[in-house]
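See structure below.
Along the sequence shown, the residues carry numbers beginning at 1.
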Amino acid sequence: MDKMKSTILVFAIVLIMITSSMGDDDSSFCDGKCEVRCSKAGRQDRCLKYCGICCEKCHCVPSGTYGNKDECPCYRDMKNSKGNPKCP
């Protein structure tokens, strides 16, 4: 019985490690893509914030510093509360 409990504990620890590392990869992916996207923005802090929000939800950021939103329909179609584009 103790061997079974140990096996379950090890499995749970491995599962927790795998799921926690998955979020880090997504975050670093978004950070890198948003740095490129916002590199020429006048309000870089705001651009990085909203780009990060959109990337986390859509798992995609259009290439370049402006335009190309057709590459990522989810990113393109997100709107703020006023109905304007949310993503830079």
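- SG distance check for C30 and C55: under 2.5 Å.
- K86 and N80 make their closest contact through CB-N, 3.9 Å (heavy atoms, listed as atom of the first residue, atom of the second, distance).
- Evaluation of the side-chain hydrogen bond (donor to acceptor under 3.5 Å, both in side chains) rule for D70 yields R76 as partners, not counting sequence neighbours.
- Judged by distance alone, the side chain of Y66 and the main-chain N or O of A41 form no donor-acceptor pair under 3.5 Å.
- For S63, the side-chain hydrogen bond (donor to acceptor under 3.5 Å, both in side chains) test picks out E71, with sequence neighbours left out.
- Here the OG atom belonging to S39 is positioned 7.0 Å from the CD atom belonging to Q44, to the nearest 0.5 angstrom.
- Taking both residues in full, the closest heavy atoms of T65 and V36 are given as CG2-O, 3.5 Å, listed atom of the first, atom of the second, then distance.
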- disulfide bond (SG atoms under 2.5 Å apart) between C58 and C87, intermediate numbers included: CA-CA 11 Å; C58 298; C87 308; 5.7 Å; no

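- Annotation: the span from Y75 atom OH to R37 atom CZ amounts to 5.0 Å, rounded to 0.5 Å.
- Applying side-chain contact (heavy atoms from CB on, under 4.5 Å) to P62 and the options C72, C51, P88 leaves one that passes, C72.
- You'll find the side chain of P85 reaches within 4.5 Å of the side chain of K69, heavy atoms only.
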